[in-house]
Amino acid sequence: MTELTEKKNVPQHVAVIMDGNGRWAEKNGVSRLAGHNAGMLAMKEIVKRADVMGIKYLTVYAFSTENWKRSQEEVGGIFNLLVKFVGSELAELHKQNVRVRILGDYSQVPKAAVNSVEKALKTTDSNDGLQFNIALNYGGRQEILRAVQNISARVQAGDLAPSDITEDMISAALYTGEENGSMPDPDLIIRTSGEERLSNFLLWQCAYSELAFTDSLWPDFTPDEFEEMVIAFGSRSRRFGGR
Ligand code: FPP
């Protein structure tokens, strides 16, 4: 734990919208893919700091269901970076007792990326340190729709009455639910690059999340800035609708 974090109120679950790789690339006169590569390097450092700080769950938005609209070259490049990240970091993550989980339908991503993901899931599946969730081919509305479809099937089979459906059942049917060990909702969602919106990220889970924004473009976002934002969050009082 770093000096700044010591004895402070560290949230359990921090989620991050890693925005601004493209603008960073433009600003620095390099290709968009070079921007994503710089973003991947920034992500690596944030994972390490989250672990040192004692955060239990870190969720990053790596690829949304809407990101397929980008050029084939950019989409392919992002998945190549994922393969590269797993190739270079998996041994270290495993050594640090990090458990990797995927939120989203990763079966639809390129085969090499599916293989890397499955290797990361399998290698780390008995680790109980930081849980690093990578949202991949993830969309919040799609996630809720899938949960509704699963619950509806139970109703249709006669196992459940509509009036018996609870919020907990919906939470359990999300990617963050039973299939991934039932994690708590994010306490804090950080978005970089000056944009202040959720962009279809964790729409059900964000009901009581604190939201924090910074103008830093994702590749420029440092572990120190991350830690400062997380600590600043710790001093806010969350009332969950009560007083
Ligand atoms: C948003 O920036 C970023 C993404 C859509 C991709 C995020 C990917 C990484 C951080 C690196 C790869 C890591 C993995 C695990 C695949 P943007 O391109 O929307 O930026 P812009 O709004 O400035 O164009």
Side-chain angles (χ1 to χ4, degrees), residues 14-51 57-90 92-93 98-121 123-124 130-140 142 175 189-202 213-223 225-226:
V14 178
V16 185
I17 302 175
M18 308 185 288
D19 196 13
N21 294 347
R23 275 160 287 164
W24 183 91
E26 204 173 317
K27 204 176 98 186
N28 289 278
V30 297
S31 68
R32 288 186 66 83
L33 270 182
H36 292 312
N37 189 58
M40 192 257 284
L41 298 176
M43 182 181 82
K44 235 164 72 173
E45 298 308 315
I46 299 300
V47 179
K48 283 188 201 150
R49 183 63 64 93
D51 187 26
Y57 303 86
L58 176 72
T59 302
V60 298
Y61 205 3
F63 193 87
S64 75
T65 45
E66 288 72 37
N67 286 151
W68 294 105
K69 293 182 206 141
R70 298 185 180 205
S71 75
Q72 246 187 338
E73 188 198 358
E74 183 172 353
V75 169
I78 292 174
F79 289 116
N80 286 342
L81 278 176
L82 177 67
V83 173
K84 187 167 141 188
F85 172 77
V86 171
S88 69
E89 296 307 304
L90 182 57
E92 183 63 22
L93 291 171
V98 171
R99 177 155 193 181
V100 178
R101 302 263 206 186
I102 301 292
L103 311 182
D105 182 8
Y106 68 85
S107 70
Q108 302 305 311
V109 310
K111 189 77 186 113
V114 172
N115 291 343
S116 289
V117 158
E118 287 181 341
K119 185 168 173 210
L121 296 176
T123 305
T124 66
L130 170 72
Q131 184 168 306
F132 177 41
N133 302 309
I134 304 174
L136 201 62
N137 192 21
Y138 172 88
Q142 182 271 339
Y175 289 117
I189 300 178
I190 294 173
R191 183 171 190 151
T192 58
S193 90
E195 308 290 346
E196 300 192 353
R197 57 180 175 270
L198 286 170
S199 300
N200 206 14
F201 191 44
L202 303 175
F213 303 99
T214 169
D215 287 338
S216 298
L217 301 173
W218 176 253
D220 291 331
F221 189 59
T222 62
E225 187 177 2
F226 172 76

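Being a predicted model, the structure only gives us computed values, none of them experimental. Note that ligands are numbered from 1 as they come in the structure, with each ligand's atoms numbered from 1 the same way.
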So which heavy atom in the protein is nearest atom 22 (O) of ligand 1, and how far is it from that ligand atom? R23 NH2, 2.9 Å
Does any N or O of ligand 1 fall below 3.5 Å from an N or O anywhere on N21, backbone included? yes
Please could you name the atoms of ligand 1 that M40 approaches to less than 4.0 Å, counting only its heavy atoms? 11 (C)
Among A25, A62, G194, which residue places a heavy atom closest to atom 7 (C) of ligand 1? A62
As an exercise, state the distance from CG of L58 to CD1 of I46, rounded to the nearest 0.5 Å. 8.5 Å
Identify the protein heavy atom lying closest to atom 13 (C) of ligand 1, giving its residue, its atom name and the separation to 0.1 Å. M43 CE, 3.9 Å
Can you list the atoms of ligand 1 that are under 4.0 Å from a heavy atom of I78? 16 (C)
Ignoring hydrogens and angles, tell me if any N or O in the side chain of N28 forms a donor-acceptor pair with the backbone of W24 under 3.5 Å. yes
Protein residue, atom and distance nearest to atom 4 (C) of ligand 1, heavy-atom basis: H36 CE1, 3.9 Å
Heavy atom of the protein closest to atom 1 (C) of ligand 1 (residue, atom name, distance): M18 O, 3.2 Å
Within the 6.0 Å centroid threshold, strictly below: W68 and F79: yes
So does A34 get a backbone contact from the side chain of N37, meaning a donor-acceptor N/O pair under 3.5 Å? no
Examine distances only and state if a side-chain atom of N200 and a backbone atom of G139 form a donor-acceptor pair shorter than 3.5 Å. no
Looking at S199, is its backbone amide N or carbonyl O close enough to the side chain of Y61 to form a donor-acceptor pair, meaning the two atoms are under 3.5 Å apart? yes
Would you mind listing which atoms of ligand 1 come within a distance below 4.0 Å of any non-hydrogen atom of G39? 10 (C)
Whether D105 side chain and S107 backbone form a donor-acceptor pair below 3.5 Å: yes
Give a yes/no verdict on whether any heavy atom in S193 is under 4.0 Å from an atom of ligand 1. no
Does the gap between the ring centers of Y57 and F132 come in under 6.0 Å? no
Between atom OG of S193 and atom CZ of F221, what is the distance when rounded to the nearest 0.5 Å? 11.0 Å
Counting both backbone and side chain atoms, is some N or O of R32 under 3.5 Å from an N or O of ligand 1? yes
Within-cut-off N or O pair, G22 and ligand 1, under 3.5 Å: yes
Just to be sure I'm reading this right: ignoring hydrogens, which of E89, E74, R70 gets closest to atom 17 (P) of ligand 1? Compare them by their nearest heavy atoms. R70
Under a 4.0 angstrom heavy-atom cut-off, which atoms of ligand 1 come close to L82? 15 (C), 16 (C)
Option from D19, V16, T214 for which side chain to side chain contact (heavy atoms under 4.5 Å, CB included) with R191 holds: D19
Could you tell me whether ligand 1 has any atom less than 4.0 Å away from a heavy atom of E195? no
Protein contact to atom 5 (C) of ligand 1 [nearest heavy atom, distance to 0.1 Å]: N67 OD1, 3.6 Å
